[in-house]
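These notes concern the structure reproduced below.
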Amino acid sequence: MRYYVLDRGDQLSVDLSESFHKMASEQGLQLDAESPDIVVSIGGDGTMLHAFHTFIDRIPSIAFVGVHTGHLGFYADWKADEIPELIRMMSSHKDEGMLKPRIVRYPLVDLEIRKKSGTSSYICLNEFTLKSVDGTVVAQVDINDHLFEMFRGDGICVSTPSGSTAYNKSLGGAMIHPSIEALQISEIASINNRVFRTMGSALVLPKHHHCDIYSRKEQNLLLTVDHINLPMDDLISVRCQVAAQKISFVRYRPFPFWNRVRNAFLG
Ligand code: NAP
Ligand code: MN
């Protein structure tokens with residue numbers, strides 16, 4: 001069992017990752033920064049976003065697990081004082097009779113960003129957003145190659161099911177259970193009046209549908225992929241669809257999504 005640990009960088013998380021390494025080596029786990037089987041994120045949901053993008057090229061062969069050092073997280077569902085138990089479970093995979101960990105797989109959103117200067121691909125764990133740095137965004141939204149609407153406003157958010165509880169929620173989008181392979185498009189302050197009109201509701205697209213967002217004026221845009229900012233002034237279009245690959249999480253014990261939602265937002 002090869003593992004890697006990424007922490008948020010605050011003192012508590014750094015200390016915990018040090019003690020993680022100590023306990024892990026006692027249990028015969030092997031630290032491997034190149035090709036780990038399990039990547040442990042110690043911090044918050046933001047730390048898991050970092051971990052995901054650090055290993056973006058190895059997503060199909062890695063399972064992630066999150067330890068939270070702040071409030072309860074969506075991706076980080078282990079408490080700091082449970083680390084010894086987590087390590088025991090990680091090291092007992094090989095033993096006879098031990099329960100194999102359940103792996104849950106969550107859908108991701110795949111992006112193809114076309115600029116005058118070239119094309120690049122990204123994968124989001126939470127969401128993609130397109131916003132303007134100077135004034136109103138003007139963008140055409142096509143769904144499955146048919147014109148859907150001309151958008152004017154602050155921006156557009158395209159989220160994964162597990163990202164639906166993050167930025168998307170603040171925009172009035174629905175929370176989507178991650179067993180549903182879908183993406184959600186939500187508006188950021190659209191302009192709606194007699195002249196300009198957008199749908200106004202969040203849209204949920206199934207797998208195998210796609211949405212293209214075309215820049216429709218010369219504009220300085222800020223594209224975001226999770227915590228990553230991509231400023232650009234020569235965007236042509238972005239294609240969004242449910243990604244072919246998924247992220248795997250190790251679940252040594254059940255913690256249903258709706259319980260996490262309740263815990264995080266209602267207490
Ligand atoms: P951040 O400013 O620390 O993140 C904002 C908050 O979102 C934090 O409390 C973070 O939890 C939480 N969060 C992240 N992923 C979540 C998820 N899947 N479900 C529920 N809550 C989640 O910045 P960050 O840590 O780098 O995270 C980047 C994310 O922030 C973006 O992907 C976006 O979803 C979110 N964001 C939200 C808004 C908004 O709601 N208005 C605006 C910008 C960005 P932790 O403290 O545990 O990290
Ligand atoms: Mn954060």
Side-chain angles (χ1 to χ4, degrees), residues 6-14 16-17 39-56 59 64-80 104-111 122-133 137 153-180 182-190 202 204 221-231 238 240 242-243 246-249 251 255-267:
L6 244 118
D7 65 64
R8 184 167 47 199
D10 60 295
Q11 199 54 52
L12 174 61
S13 305
V14 171
L16 284 172
S17 84
V39 169
V40 182
S41 135
I42 302 181
D45 287 327
T47 319
M48 184 61 82
L49 297 175
H50 273 96
F52 173 75
H53 287 280
T54 302
F55 289 96
I56 195 76
I59 294 304
F64 292 85
V65 57
V67 177
H68 64 92
T69 51
H71 48 85
L72 177 128
F74 272 84
Y75 298 117
D77 51 11
W78 285 76
K79 287 185 286 202
V104 295
R105 293 189 171 82
Y106 284 3
L108 303 166
V109 167
D110 178 89
L111 303 176
Y122 291 88
I123 296 183
C124 318
L125 174 53
N126 265 355
E127 78 285 289
F128 157 70
T129 72
L130 182 147
K131 302 189 258 200
S132 170
V133 201
V137 169
D154 283 6
I156 297 172
C157 172
V158 179
S159 63
T160 65
S162 60
S164 68
T165 52
Y167 202 165
N168 168 75
K169 181 180 184 294
S170 307
L171 300 171
M175 294 195 224
I176 299 194
H177 195 278
S179 61
I180 300 171
L183 62 76
Q184 180 167 192
I185 307 170
S186 43
E187 301 181 348
I188 310 175
S190 57
V204 177
L221 296 170
L222 176 65
L223 276 60
T224 71
V225 176
D226 299 333
H227 58 290
I228 302 161
N229 288 334
L230 306 165
V238 183
C240 311
V242 176
K246 291 184 169 184
I247 182 173
S248 300
F249 292 102
R251 285 274 185 274
F255 191 2
F257 179 74
W258 298 122
N259 293 19
R260 268 177 284 151
V261 166
R262 194 183 185 291
N263 253 306
F265 296 110
L266 300 175

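Indexing begins at 1, ligand by ligand and atom by atom, following the structure's order. Nothing here was measured: the structure is a model prediction, and the numbers come from that model.
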Neighbouring protein residues of ligand 1 - any heavy atom closer than 4.0 Å: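 Its neighbours under 4.0 Å (heavy atoms only) are G44, D45, G46, L49, H71, F74, Y75, N126, E127, S162, T165, A166, Y167, S170, D226, H227, given by chain and number.
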Is a donor on one side and an acceptor on the other found under 3.5 Å between the side chain of S190 and the backbone of G153?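 Here the side-chain-to-backbone pair does not exist.
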Could you tell me whether a side-chain N or O of T160 sits under 3.5 Å from a main-chain N or O of N126, the two making a donor and an acceptor?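 Indeed, once roles are kept as given, a pair shorter than 3.5 Å links the two residues.
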Would V40 and W78 count as a side-chain contact (heavy atoms from CB on, under 4.5 Å) here? Give the steps. CA-CA 10 Å; V40 182; W78 285 76; over 6 Å; no
May I have the step-by-step check of side-chain hydrogen bond (donor to acceptor under 3.5 Å, both in side chains) for T47 and S41, ending in yes or no? CA-CA 6 Å; T47 319; S41 135; 4.8 Å; no
Using 30° and 60° as the class boundaries, would you call the ring planes of H50 and H227 parallel, tilted or perpendicular?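 Plane angle between 30° and 60°, so tilted.
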How about S159 and S164: does a side-chain donor come under 3.5 Å of a side-chain acceptor?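 Side chains of S159 and S164: no pair found under 3.5 Å.
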